[in-house]
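Side-chain atoms are counted along with the backbone in the values below, which use heavy atoms only and exclude waters and symmetry mates.
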Amino acid sequence: TQKLNDAIRKTCDLFRLLAGHELLGLAPGEIAKGLGVSPSWVSVNLPAIAAETGFVERVDGTNRWRLGVTLVRIAFNVSTELNQAQRRMQEISNRYAVPL
């Protein structure tokens with residue numbers, strides 16, 4: 001079994017930690033505590049992730065961080081596709097439910 005390296009694991013943990021905090025975000029200290037990393041990890045990596053991927057962003061006018069537009073758009077696209085698939089399955093189900 002292949003294991004993720006620590007940097008990738010911490011980044012994935014970061015996304016999970018920020019989920020649900022889209023409005024106010026989290027302070028760097030809260031992020032460091034939640035991930036079990038040093039504050040320097042947060043101050044170095046979050047700006048880099050934001051600049052390179054757009055997956056996180058600083059909340060305007062604060063030092064707080066939240067999921068970025070790019071990552072939220074990915075989630076929205078997945079949700080849209082799943083809803084379309086569900087509607088299509090319901091249409092098929094309805095067609096087969098009609099008595100002969």
Side-chain angles (χ1 to χ4, degrees):
T1 303
Q2 190 174 3
K3 294 181 77 175
L4 288 177
N5 72 37
D6 190 51
I8 293 172
R9 183 182 321 285
K10 288 293 181 200
T11 303
C12 292
D13 290 345
L14 169 67
F15 299 148
R16 281 191 288 274
L17 179 66
L18 291 176
H21 298 280
E22 288 75 24
L23 185 59
L24 299 177
L26 292 175
E30 295 170 312
I31 295 168
K33 183 177 179 183
L35 296 177
V37 298
S38 68
S40 65
W41 186 96
V42 175
S43 64
V44 168
N45 286 287
L46 269 67
I49 294 168
E52 293 287 327
T53 67
F55 286 1
V56 297
E57 64 185 20
R58 192 182 307 263
V59 178
D60 288 339
T62 74
N63 192 30
R64 299 174 73 83
W65 291 87
R66 63 183 170 204
L67 293 177
V69 171
T70 303
L71 195 58
V72 174
R73 283 182 179 158
I74 291 169
F76 182 77
N77 287 342
V78 169
S79 177
T80 299
E81 288 293 320
L82 290 174
N83 287 335
Q84 289 174 351
Q86 186 177 27
R87 281 192 299 272
R88 181 71 181 124
M89 290 298 296
Q90 188 60 49
E91 290 169 6
I92 292 169
S93 178
N94 291 342
R95 249 187 29 213
Y96 284 107
V98 176
L100 295 176

Do you know the tightest heavy-atom contact between [X] and [Y]?
X	Y	value
Leu67	Glu57	O-CG, 3.9 Å
Arg64	Glu30	NH2-OE1, 3.5 Å
Val56	Leu46	CG2-O, 3.6 Å
Ser40	Ser43	O-OG, 3.1 Å
Val42	Pro47	O-CD, 3.6 Å

side-chain hydrogen bond (donor to acceptor under 3.5 Å, both in side chains) contacts touching residues 73-90 (sequence neighbours left out) | Arg88-Glu91, Gln90-Asn94
Would you kindly confirm whether Leu18 and Val69 end up in one hydrophobic cluster when ILVMFWY residues are joined by side chain heavy atoms under 4.5 Å apart?
->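 They do not share one cluster, since no chain of ILVMFWY contacts under 4.5 Å joins Leu18 to Val69.
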Indicate if Ile74 and Trp65 have the same hydrophobic cluster label, given that clusters are the connected sets of ILVMFWY residues with side-chain heavy-atom separations under 4.5 angstrom.
-> yes
Among Ile, Leu, Val, Met, Phe, Trp and Tyr joined by side-chain contacts under 4.5 Å, find the other residues sharing a cluster with Val59 and list them by chain and number.
->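 Same cluster as Val59: nobody, lone residue.
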In Å and rounded to the nearest 0.5 Å, what is the NZ to CG distance from Lys10 to Leu17?
-> 10.5 Å
Side chain to side chain contact (heavy atoms under 4.5 Å, CB included) evaluation trace for Leu14 with Leu35 = CA-CA 7 Å; Leu14 169 67; Leu35 296 177; 4.1 Å; yes
Can you name the ring-ring contact (aromatic ring centres under 6.0 Å, His included) partners of Phe15, sequence neighbours left out?
-> Phe55
For atom CD1 of Ile92, is the number of surrounding heavy atoms from other residues, nucleotides or ligands below 6.0 Å larger than 12?
-> yes
Does the Ser93 side chain pair with the main chain of Met89, one donor and one acceptor, at a distance under 3.5 Å?
->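 Judged by distance alone, no pair lies under 3.5 Å.
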Counting only N and O atoms by type, is there a donor-acceptor contact under 3.5 Å from the side chain of Arg66 to the main-chain atoms of Gly25?
->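 No.
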Between Arg9 and Asp6, does a salt bridge (charged side-chain N to carboxylate O under 4.0 Å, His left out) hold up when you go through it step by step?
-> CA-CA 5 Å; Arg9 183 182 321 285; Asp6 190 51; 5.0 Å; no
